[in-house]
Amino acid sequence: MPELPEVESQLDYLRRTALGRAIRKVSVFEPRIIKNSTAAAFRKTLTGRRLVSAYRRGKYLIVDTDRPRVLILHFGMGGDLQYYPGPKQRPRFTRIEFTLDNGYRLAFTCPRNICRVMSVGSPSDVPGLRQMGPEPLCSNFTLTVFKTMMGTGVSRAIKALLMDQKRIAGIGNIYADQILFETGIRPTRKTSDLDARETGRLYRSIRRVLKDALPTASEEALPSHYIYSRDFSGQGCPDCGRPLAKTRVGGRTTRYCAGCQR
DNA sequence: CCTATAGCCTGACGGC
DNA sequence: TGCCGTCAGGCTATAG
């Protein structure tokens, strides 16, 4: 569920709380979520490090330290950061806890253990980051770039392409459905079937939907007009009121309006 | 190379 | 009351 806008809000949270502090202690409650190294190496490489700066890439959060050592967080589904004064406030599902030099703690929580943390020398050590496609909200993601991407070897459903992190960074199930709804394109359409006008609309919709979601994105508040929310609350299409269709595309539950999306 | 699918993982929820 | 099956969704590994 944490997609580009939600990870951006996690980044904001980190900047308002633990960023700038040094790690006094690393507590590992769930070693399985640590990738690329053992729990012992994870602790050792990060203890004493200062969290200098952070940025987002796709659905990853990347934290640079005062050494050639980078903390990578991936929120999987339902991952979250919590900052609190002491162990009494430790949240449920805390998998990793950093005790900071001001005594406060930063927890990485994840109910389903699908999240991942890594301590690496460079972000490019992580295959998912190395192969990550362009950032859709950056200026180098132009219509031309998007058109080229849409033209190369694509017999797949358009929704599967939107969610492919090697093509575009940061779009997951919910925003893919919303982008396609606002474009009036059915998620099951083959990418090669889209004409130039639809491709242009899709490009603008990707940018608009993600950008509009940035200011308010957080785990608990998805806009009520989103087709995901509308389906969840048993309401129909926000435009025509018709019951929403549900199917599977790219292995994911997919919601659309059979009337408004062609 | 490209695409599709199974599996990881466990809380929430509905049915009985 | 409580058991059980299903679903959710990021990604990766593997199969076709």
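Heavy atoms only: backbone and side chains are in, while hydrogens, waters and symmetry mates are out. Order of the sequence lines fixes the chain letters, A, B, ..., with proteins taken first and strands second; residue numbering starts at 1 for each chain.
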**Student:** Under the rule for ring-ring contact (aromatic ring centres under 6.0 Å, His included), what residues qualify as partners of Phe181(A), not counting sequence neighbours?
**Tutor:** none
**Student:** When you measure from every atom of DNA chain C, which of residues 113-122 of chain A have a heavy atom less than 4.0 Å away?
**Tutor:** Ile114(A), Arg116(A)
**Student:** Excluding sequence neighbours, so at least two apart, what forms salt bridge (Lys or Arg N to Asp or Glu O under 4.0 Å) with Arg95(A)?
**Tutor:** none
**Student:** Between Gln131(A) (side chain only) and Gly128(A) (backbone N and O only), is there a donor and an acceptor less than 3.5 Å apart?
**Tutor:** no
**Student:** Just checking Phe93(A): base, sugar-phosphate only, or nothing, at a heavy-atom cut-off of under 4.0 Å?
**Tutor:** sugar-phosphate
**Student:** Within the 4.0 Å heavy-atom criterion, would you say Phe232(A) contacts the bases, only the backbone, or no part of the nucleic acid?
**Tutor:** nothing
**Student:** Measure from the side-chain N and O atoms of Thr148(A) to the backbone N and O of Thr144(A), and report whether any donor-acceptor pair falls under 3.5 Å.
**Tutor:** yes
**Student:** Within the 3.5 Å criterion, strictly below it, is a donor on Ser37(A) or Ser119(A) matched to an acceptor on the partner's side chain?
**Tutor:** no
**Student:** Using the six-membered ring wherever Trp is involved, compare the ring planes of Tyr203(A) and Phe146(A) and label them parallel, tilted or perpendicular (cut-offs 30° and 60°).
**Tutor:** tilted
**Student:** Over the length of the helix from dC2(B)-dG16(C) to dC16(B)-dG2(C), how much do the five-pair end axes diverge, rounded to 10 degrees?
**Tutor:** 50°
**Student:** Taking side-chain hydrogen bond (donor to acceptor under 3.5 Å, both in side chains) as the test, write out the residues that go with Arg43(A), two or more places apart.
**Tutor:** none
**Student:** Please determine whether side chain to side chain donor-acceptor pair (under 3.5 Å) holds for the pair Asp80(A) and Gln82(A), giving the CA-CA distance in whole Å, both sets of side-chain angles, and the decisive distance to 0.1 Å.
**Tutor:** CA-CA 7 Å; Asp80(A) 197 19; Gln82(A) 295 283 330; 2.9 Å; yes
**Student:** Look only at the side chain of Thr94(A) and the backbone of Ile96(A), and say whether a donor-acceptor pair between them is shorter than 3.5 Å.
**Tutor:** no
**Student:** Has the side chain of Tyr60(A) got a donor or acceptor atom that lies under 3.5 Å from a matching backbone atom of Phe75(A)?
**Tutor:** no
**Student:** For Arg156(A), what residues pass the salt bridge (Lys or Arg N to Asp or Glu O under 4.0 Å) criterion, not counting sequence neighbours?
**Tutor:** Asp164(A)
**Student:** Taking any atom closer than 4.0 angstrom to a non-hydrogen atom of chain A, what span of DNA chain C does the protein reach, first nucleotide to last?
**Tutor:** dA8(C) to dT12(C)
**Student:** Can a donor-acceptor pair be found, under 3.5 Å and without considering hydrogens, that links the side chain of Gln178(A) to the backbone of Ile174(A)?
**Tutor:** no
**Student:** Just to be sure I understand the geometry, which residues of residues 245-257 of chain A put a non-hydrogen atom under 4.0 Å away from DNA chain C?
**Tutor:** Arg248(A), Arg252(A), Thr253(A)
**Student:** Tell me, which pairs form a ring pair (Phe, Tyr, Trp, His ring centres under 6.0 Å) where one or both residues lie in residues 242-262 of chain A, sequence neighbours left out?
**Tutor:** none
**Student:** Heavy-atom contacts under 4.0 Å between residues 154-163 of chain A and DNA chain B, which residues?
**Tutor:** Val154(A), Ser155(A), Arg156(A)
**Student:** Please identify each residue that fulfils side-chain contact (heavy atoms from CB on, under 4.5 Å) with Ser192(A), with sequence neighbours left out.
**Tutor:** Lys190(A)
**Student:** If you pin Gly128(A) and Met77(A) to their nearest nucleotides in DNA chain C, which one's is more 5'?
**Tutor:** Met77(A)
**Student:** Who pairs with Thr188(A) by side-chain hydrogen bond (donor to acceptor under 3.5 Å, both in side chains), at least two apart in sequence or on another chain?
**Tutor:** none
